[in-house]
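When a residue number appears, it is its place in the shown sequence, counting from 1. What's counted below: heavy atoms across the whole structure, side chains too, no hydrogens, waters or symmetry copies. Just so we're clear, the structure is a prediction, and the values are computed from it rather than from any experiment.
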Amino acid sequence: MTERDGVRPLAPAGAIRPTGPWALGARAGDFVFVAGMRGIDPASNTQVTGDEARVRQAFLNMLGIAQSEGASLRDVVRLVVYVTDMARHRPLVNKVQEELWGQGPFPPRTIVEVRALNQDDIVEVEGTFYAP
């Protein structure tokens with residue numbers, strides 16, 4: 001992906017490496033769109049161990065892309081979370097969000113159970129950030 005019509009692809013240093021033909025994120029005007037991030041350790045590009053740790057890492061990977069454009073968790077205007085087991089993983093997503101956002105305010109969020117994720121992962125998080 002190359003810059004075109006005010007849309008710039010993002011691939012900051014220290015981020016995970018894509019597992020296919022996709023960009024980690026894109027800036028379009030005042031908005032930063034972060035692709036679905038999973039619980040992958042950017043140093044080794046492998047999944048972290050443990051469900052809660054993997055959920056936390058997915059959020060941190062998303063945040064890292066956003067921070068490369070000057071955005072923070074307070075700048076999230078929309079989150080979408082995909083989990084492979086709603087009963088098991090939604091409480092972990094809630095716990096990690098409460099740790100990261102504190103008492104809020106919390107961003108709008110959609111959480112969806114899916115049959116499968118890439119590399120048999122359990123969670124994927126994508127976000128849209130307002131970062132003028």
Which heavy atom in [X] sits nearest to a heavy atom in [Y], and how many Å separate them?
{"X": "Ala11", "Y": "Leu24", "answer": "CA-CD1, 4.1 Å"}
{"X": "Gly70", "Y": "Asp75", "answer": "O-OD2, 4.2 Å"}
{"X": "Pro91", "Y": "Ala87", "answer": "CD-O, 3.4 Å"}
{"X": "Val125", "Y": "Ala58", "answer": "CG2-CB, 4.0 Å"}
{"X": "Val32", "Y": "Ala131", "answer": "CG2-CB, 4.2 Å"}
{"X": "Glu69", "Y": "Arg27", "answer": "OE1-NE, 2.6 Å"}

Once you round to the nearest 0.5 Å, how far does [atom1] of [X] lie from [atom2] of [Y]?
{"X": "Met37", "Y": "Met62", "atom1": "CE", "atom2": "CE", "value": "9.5 Å"}
{"X": "Glu126", "Y": "Leu79", "atom1": "CD", "atom2": "CG", "value": "9.0 Å"}
{"X": "Glu98", "Y": "Gln103", "atom1": "CD", "atom2": "CD", "value": "8.0 Å"}

>> Do Val48 and Arg56 have side chains that approach each other closer than 4.5 Å (heavy atoms only, starting at C-beta)?
In response: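 Result no, sub-4.5 Å side-chain heavy-atom pair not found.
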
> Are any of the side-chain heavy atoms of Ile122 and Asp85 separated by less than 4.5 Å?
Replying inline: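 Heavy-atom side-chain distance check fails, nothing below 4.5 Å.
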
Are [X] and [Y] grouped together when hydrophobic residues (ILVMFWY) are joined by side-chain heavy atoms under 4.5 angstrom apart?
{"X": "Leu73", "Y": "Leu92", "answer": "yes"}
{"X": "Val123", "Y": "Trp101", "answer": "yes"}
{"X": "Val93", "Y": "Val112", "answer": "no"}
{"X": "Leu100", "Y": "Val76", "answer": "yes"}
{"X": "Ile65", "Y": "Tyr82", "answer": "no"}

> Strictly under 6.0 Å, is that where the ring centroids of Tyr130 and Phe31 end up?
Replying inline: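 Yes, the ring centres sit under 6.0 Å apart.
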
> Could you walk me through whether Arg78 and Thr110 pass the side chain to side chain contact (heavy atoms under 4.5 Å, CB included) check?
Replying inline: CA-CA 8 Å; Arg78 176 161 166 74; Thr110 300; 3.3 Å; yes

>> Is it the case that over 12 heavy atoms from other parts of the model lie below 6.0 angstrom from the CZ atom of Arg90?
In response: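 For Arg90, atom CZ is not crowded (no more than 12 foreign heavy atoms under 6.0 Å).
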
>> Please check if the number of heavy atoms outside Asp120 that lie under 6.0 Å from its CG is greater than 12.
In response: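 Check fails, neighbour count at 12 or below.
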
>> For the backbone of Gln119 and the side chain of Gln47, can you confirm whether one donor and one acceptor N or O come within less than 3.5 Å of each other?
In response: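 At least one qualifying donor-acceptor pair exists.
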
>> Strictly distance-based, threshold 3.5 Å: is any side-chain N or O of Arg38 a donor or acceptor partner for the main-chain N or O of Asp121?
In response: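 Looks like no, no N/O pair under 3.5 Å.
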
>> Would Asn61 and Gln57 count as a side chain to side chain donor-acceptor pair (under 3.5 Å) here? Give the steps.
In response: CA-CA 6 Å; Asn61 289 342; Gln57 189 64 53; 2.8 Å; yes

